[in-house]
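First comes the structure, then the notes that go with it.
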Number of protein chains: 2
Amino acid sequence: MSEDVFKALADPTRRTILDELAERDGQSLFEICSRLAMKHELALTRQAVSQHLAVLETAGLVVSRREGRYKFHDLNTQPLEQIVTRWLRPRAPESTP
Amino acid sequence: MSEDVFKALADPTRRTILDELAERDGQSLFEICSRLAMKHELALTRQAVSQHLAVLETAGLVVSRREGRYKFHDLNTQPLEQIVTRWLRPRAPESTP
DNA sequence: TTGATAGGCAAGTGACAACTTGCCTATCGT
DNA sequence: ACGATAGGCAAGTTGTCACTTGCCTATCAA
């Protein structure tokens, strides 16, 4: 459902998480936590980030894979494509008549 | 600010308004109200729709022009383009190595 | 000028979402 | 086995957002 995608993108912290995953795929929860703290001065608890990741995963924007006690997260940009084409009408060099 | 764009797109009613403006540009507040009621069974007050339009206008997704006692609203898809390219990395035929 | 129409401003309410706190489970190293 | 590390679950709180209600301004028609 694209509803979940829009709701997931509504939060600035979640968008920053997507930025970080776009920069480097396959990060664990703790890696994302420290990156948010270091690079973005976002001092969130581990649970807060975990909940954000759950929202992103429900939206399909993040895919996770478990390996042992680690859980790695990957970015999935596929749900983004449909949300733009929703209002972008076929391009005409001039505006519509 | 793209922050406003994401917040504007977070609400399903606002997305429906964008749908209606994509279908027909230059609608007044009352036209949008009745369209939401007729086509989408969204029985909102005039003020509710007006507030939604204000949010969309702040985000730059809707541009309005006043003529007499009427205020016409037009869709502007330009702010949408940047929000996609934010995470869409350069395309490779296969997945990243 | 009066009434009707199109829209605006501001305070109040209810619901949801972000975040925290506290506790619990699972995997790895020694 | 034991401690440490990586993560999960659930309840509570606070703030924000969507929506309503009530009143006010501006334009047009008669």
Side-chain angles (χ1 to χ4, degrees), chain A residues 1-21 24-38 40-59 61-74, chain B residues 1-21 24-38 40-59 61-74:
Chain A
M1 190 68 78
S2 70
E3 164 77 26
D4 299 320
V5 179
F6 288 108
K7 276 171 57 180
L9 293 176
D11 187 82
T13 303
R14 282 195 288 269
R15 294 197 297 272
T16 306
I17 293 177
L18 293 183
D19 289 337
E20 286 305 315
L21 289 180
R24 195 220 282 183
D25 250 343
Q27 296 188 58
S28 73
L29 174 58
F30 272 72
E31 281 182 281
I32 298 173
C33 279
S34 42
R35 284 226 172 184
L36 290 178
M38 300 295 179
H40 304 277
E41 280 107 22
L42 287 174
L44 299 174
T45 59
R46 174 180 55 85
Q47 287 83 351
V49 180
S50 178
Q51 285 167 7
H52 280 310
L53 285 171
V55 173
L56 290 169
E57 221 170 327
T58 303
L61 290 167
V62 163
V63 182
S64 67
R65 49 196 160 89
R66 184 123 206 189
E67 290 181 18
R69 56 176 163 174
Y70 297 97
K71 190 181 178 189
F72 300 113
H73 302 82
D74 297 296
Chain B
M1 190 68 79
S2 70
E3 163 78 25
D4 299 319
V5 179
F6 288 109
K7 275 172 57 180
L9 292 177
D11 187 84
T13 302
R14 281 196 288 270
R15 294 197 297 272
T16 306
I17 292 177
L18 293 183
D19 289 337
E20 286 304 313
L21 289 179
R24 196 221 280 183
D25 249 343
Q27 296 189 58
S28 74
L29 175 59
F30 272 72
E31 281 182 282
I32 298 173
C33 278
S34 43
R35 283 225 173 186
L36 291 177
M38 299 294 178
H40 304 276
E41 280 108 22
L42 287 174
L44 299 174
T45 60
R46 174 181 54 85
Q47 287 84 348
V49 179
S50 177
Q51 286 168 8
H52 281 310
L53 286 171
V55 174
L56 290 169
E57 221 171 326
T58 302
L61 291 166
V62 163
V63 181
S64 67
R65 49 194 159 93
R66 186 124 204 189
E67 291 182 18
R69 56 177 165 175
Y70 297 98
K71 190 179 178 189
F72 299 113
H73 302 82
D74 297 296

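In what follows, chains are A, B, ... by sequence order, proteins preceding strands, each numbered from 1.
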* Counterpart residues, salt bridge (Lys or Arg N to Asp or Glu O under 4.0 Å), relative to A/D19 (two or more places apart) -> B/R86
* For the pair made of CZ in A/F30 and C1' in C/dT27, what is the distance, rounded to whole Å? -> 13 Å
* Can B/R35 and B/Q27 be said to form a side-chain contact (heavy atoms from CB on, under 4.5 Å), step by step? -> CA-CA 10 Å; B/R35 283 225 173 186; B/Q27 296 189 58; 3.5 Å; yes
* Asked: What parts of residues 51-58 of chain A reach DNA chain C, counting only heavy atoms under 4.0 Å away?
  -> A/Q51, A/H52
* **A/L36 CG - C/dC19 P separation (whole Å)** => 10 Å
* Answer whether the closest heavy-atom distance between the side chains of B/H73 and B/I32 falls below 4.5 Å. => yes
Side chains of residues 40-47 of chain A: which donor-acceptor partners sit under 3.5 Å, not counting sequence neighbours?
residue : atom : partner : partner atom : Å
A/H40   : NE2  : A/E20   : OE2          : 2.8
A/T45   : OG1  : A/A48   : N            : 3.3

* Which pair of non-hydrogen atoms, one from B/E3 and one from A/P12, has the smallest distance, and what is that distance? -> OE1-CB, 3.8 Å
* Looking at five pairs on each end of the helix from C/dT1-D/dA30 to C/dT30-D/dA1, what is the angle between the two axes, given to 10 degrees? -> 30°
* Going from CZ on A/F72 to CD on A/E31, what distance comes out if it is rounded to the nearest 0.5 angstrom? -> 7.0 Å
* **Spacing of A/F6 atom CZ relative to C/dC16 atom C1', expressed in whole Å** => 19 Å
* **Start and end of the DNA chain D segment that chain B contacts, any atom under 4.0 Å from a heavy atom** => D/dC17 to D/dC28
* Using the closest heavy atom to pick a nucleotide of DNA chain C for each, name whichever of A/R69 or B/F72 lands nearer the 5' end. => B/F72
* Shortest non-hydrogen separation from A/D25 to A/D74 and the atoms involved -> OD1-CA, 3.3 Å
* With heavy atoms under 4.0 Å as the rule, sort A/R66 into base, sugar-phosphate or nothing. => sugar-phosphate
* Asked: Can you name the nearest heavy-atom pair linking B/V49 to B/C33, along with the distance?
  -> CG2-SG, 3.6 Å
What side-chain donor-acceptor pairs closer than 3.5 Å can you find for residues 52-59 of chain B, not counting sequence neighbours?
residue : atom : partner : partner atom : Å
B/H52   : ND1  : B/R14   : NH1          : 3.1
B/E57   : OE2  : B/S64   : OG           : 2.5
B/T58   : OG1  : B/A54   : O            : 2.9

* Asked: Atom OH of A/Y70 to atom C1' of C/dC28: distance rounded to whole Å?
  -> 8 Å
* Asked: Mapping A/E67 and A/A48 to their closest nucleotides on DNA chain C, which lands nearer the 5' end?
  -> A/A48
* Asked: Is there a side-chain contact between A/L61 and A/L21, using heavy atoms and a 4.5 Å cut-off?
  -> no
* Working to the nearest 0.5 Å, report the span between CD1 of A/I17 and CG of A/D11. => 8.0 Å
